[in-house]
Amino acid sequence: MNDDPNLESCSEEEGENLDFIRAMVKSDVDAGHNDGRVHTRFPPEPNGYLHIGHAKAILLSYSIAQEFGGKFNLRFDDTNPEKEDVEYVDSIKEDLRWLGADWEDREFYASDYFDTLYEWAQTMIREGKAYVDSLGEAEIRQYRGTVTEPGVDSPDRNRPTEESLALLEGMKNGEFDEGAYTLRAKIDMAHSNMKMRDPLIYRIRKVPHHRTGDTWNIYPLYDYAHGQSDAIEGITHSLCTLEFEVNRPLYDWFIENLPVPYEPHQTEFARLNLTYTVMSKRKLKQLVDDGVVANWSDPRMPTISGLRRLGYTSESIRRFIDTVGVAKRNSTVDLDLLKWSLREELNRTANRVMVVLRPLKVVITNYPEDQVEELECVNNPEDDGAGTRMVPFSRELWIEKDDFREEAPRKFFRLKPGKEVRLKHAYFITCDEVIKDDSGEVVELRCSYDPESRGGMSPDGRKVKGTLHWVSVPHAVEAEVRLYDNLFREPFPEEGGDFMANLNPDSLEILKDAKLEPGLAGKEPGFRCQFMRQGYFCIDSQDSRPEKMVYNRTVTLKDSWAKLEGKGKTG
Ligand code: ATP
Ligand code: MG
């Protein structure tokens with residue numbers, strides 16, 4: 001449990017530490033509100049893919065339903081036909097399933113309720129609580145007043161009931177142009193909350209809808225459709241983010257003034273924001289539309305599908321959301337916490353393998369030409385049950401280019417001329433000779449090995465500091481490796497206004513020439529492992545082929561050398 005004071009936890013008698021939402025739900029249940037029922041929902045607008053912020057909203061509502069023996073609905077808030085698409089509906093369902101949020105057979109659409117919403121609008125007109133207005137959009141804004149000045153009543157505010165009913169019917173049947181009329185609730189043009197100044201209920205939109213086709217020429221606005229959909233479904237606790245706090249009086253007004261079968265209650269919680277990330281569908285869509293990323297599921301996107309393709313597990317995302325907790329004040333969570341949640345899991349579950357990303361050839365001059373030894377390697381030192389595997393060792397090996405420096409500082413414990421290092425699970429080797437091409441680039445190292453150091457054990461107590469991974473040249477499997485990094489180079493990319501100016505130009509590096517240990521041949525998407533000393537990797541679900549594997553770097557390990565170099569402690 002998080003003990004951040006801003007989490008507003010409430011201590012329970014049993015010593016249970018509940019966040020403020022769970023404490024509220026519990027007290028409602030204890031008091032017998034809604035007959036003790038708990039029913040929550042997740043109401044996405046199908047106008048984009050879900051991001052990690054949505055995961056917080058989903059898991060909060062879903063787990064509360066679970067914890068209190070209640071139900072959880074998935075409801076598409078599809079009241080905005082211009083921007084919606086079935087592609088989004090499908091991706092949203094896939095993401096919820098993957099996160100483990102089960103809506104059973106309760107998949108609903110706000111558009112399922114268009115008939116009821118229309119009837120209730122007529123009821124409001126009959127009861128003098130709504131009217132058809134002929135003011136245009138700009139005039140409505142002008143008449144609304146400001147935070148400091150009250151608004152002015154529309155000349156149509158007292159339009160006779162029959163006239164409003166007839167006009168609404170005409171709006172619905174497509175008799176008028178877009179913008180000619182709106183339906184508005186008759187509340188209070190001087191209300192201190194601007195949302196209560198005769199808000200719009202319907203507007204004319206002559207756009208086909210992905211579910212209702214061209215049945216409707218009017219569409220309900222969010223504030224009208226949302227709460228009423230909650231009420232129709234018998235939702236008890238309607239949880240949403242803080243920006244909807246100002247909408248709550250209107251949410252309540254509709255519930256009080258309509259013949260709804262249930263009376264849901266809205267509660268707001270803080271949005272999830274992450275450093276080095278933008279978290280709004282509009283901005284994510286811009287990244288896709290401008291070609292900054294390949295699509296919504298690009299592994300650099302903070303979308304659930306992007307994180308999944310990058311190699312995140314749903315368990316790590318659930319753990320992350322749990323750790324963040326539920327607060328009532330917006331804040332930005334460090335991206336490192338998300339990475340930590342994953343590393344923590346993969347450290348336990350992912351087997352270690354040897355992969356050379358940027359190969360440099362080593363020839364062991366005193367190793368017999370045709371000899372191949374199978375050496376035993378530990379799969380996962382964190383998991384005794386993971387066992388060992390045999391990896392072939394031969395005279396010619398690949399090591400990382402970065403693991404050799406001709407002119408190396410004192411604390412560089414990897415390979416340098418005349419120095420000895422350990423090859424993991426194999427032997428001690430010493431670098432005797434450096435071979436360069438015409439341009440002066442190092443192309444091969446000639447080394448000698450100590451046959452007495454088999455298994456990487458010191459034969460006489462002499463110490464070597466560096467341990468390198470390696471792959472036998474004739475046995476290596478070729479692969480492409482994609483090194484993903486943060487999409488933005490600034491922790492708060494939106495600061496300064498233009499988030500596109502803060503893109504990280506090095507968010508993707510593609511290595512075409514990686515060498516894998518032979519046991520990795522034939523692995524399939526879904527396979528995760530640790531490339532020893534490099535990070536956690538997975539096989540890409542879209543582009544990998546058996547004959548040409550593609551691996552994604554999910555998350556790095558902490559690189560102690562990069563850290564030292566950054567602190568200037570390498571001399
Ligand atoms: P965005 O602002 O990213 O475009 P949205 O609010 O328009 O998102 P919806 O599909 O309307 O997206 O959101 C569905 C639910 O997800 C809403 O209840 C909303 O409060 C919640 N939600 C959206 N973003 C976040 C976030 N960053 N953290 C937590 N919950 C969120
Ligand atoms: Mg929204």
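It should be emphasised that the depicted structure is a prediction, and the values quoted were computed from it without experimental measurement. Start at 1 and go down the list; that is how both ligands and their atoms are numbered.
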Atoms in ligand 1 flagged as close to Ser280, the criterion being non-hydrogen separation under 4.0 Å:
3 (O)
Where the closest heavy atom to atom 19 (C) of ligand 1 is concerned, which of Val326, Ile52, Thr241 has it?
Thr241
Would Phe537 and Tyr551 count as a close aromatic pair, with their ring centres under 6.0 Å?
no
Less than 4.0 angstrom from a charged side-chain N to a carboxylate O is my criterion; do Arg308 and Asp95 meet it?
yes
Do the ring centers of His209 and Phe114 come within less than 6.0 Å of each other?
yes
So for ligand 1, is Lys281 a polar contact partner (N or O within less than 3.5 Å, distance only)?
yes
Using distance alone, with no hydrogens and no angle criterion, decide if Asp28 and His237 have a side-chain donor and acceptor under 3.5 Å apart.
yes
Out of Gly48, Gly53, Cys240, who gets a non-hydrogen atom closest to atom 29 (C) of ligand 1?
Gly53
Is there a salt bridge (charged side-chain N to carboxylate O under 4.0 Å, His left out) between Lys186 and Asp198? Walk through the geometry before answering.
CA-CA 5 Å; Lys186 198 170 182 178; Asp198 291 10; over 6 Å; no
Using a plain distance cutoff, I'd like to know if Lys56 has any nitrogen or oxygen under 3.5 Å from a nitrogen or oxygen of ligand 1.
no
Mark up the atoms of ligand 1 that fall under 4.0 Å of a heavy atom belonging to Met279, in ascending order.
3 (O), 27 (N)
With heavy atoms of Ala57 as the reference, note each atom of ligand 1 found under 4.0 Å away.
16 (O), 21 (C), 30 (N)
Considering only NZ, NE, NH1 and NH2 on the basic side and carboxylate oxygens on the acidic side, decide whether Glu494 and Lys283 come within less than 4.0 Å.
yes
Of all the heavy-atom pairs spanning Arg319 and Arg348, show the shortest one and how long it is.
NH2-NH2, 3.5 Å
Polar contacts were defined as any N/O atom of the residue lying under 3.5 Å from an N/O atom of the ligand; does this apply to Leu272 and ligand 1?
yes
Output yes when the distance from some N or O of ligand 1 to some N or O of His51 is under 3.5 Å, and no in every other case.
yes
Please indicate whether any nitrogen or oxygen in Arg271 is less than 3.5 Å from any nitrogen or oxygen in ligand 1.
yes
Ligand 1 to Glu45, heavy atom cutoff 4.0 Å, flagged ligand atoms 9 (P), 10 (O)
Are Tyr276 and Phe488 an aromatic pair, judged by ring center distance below 6.0 Å?
no
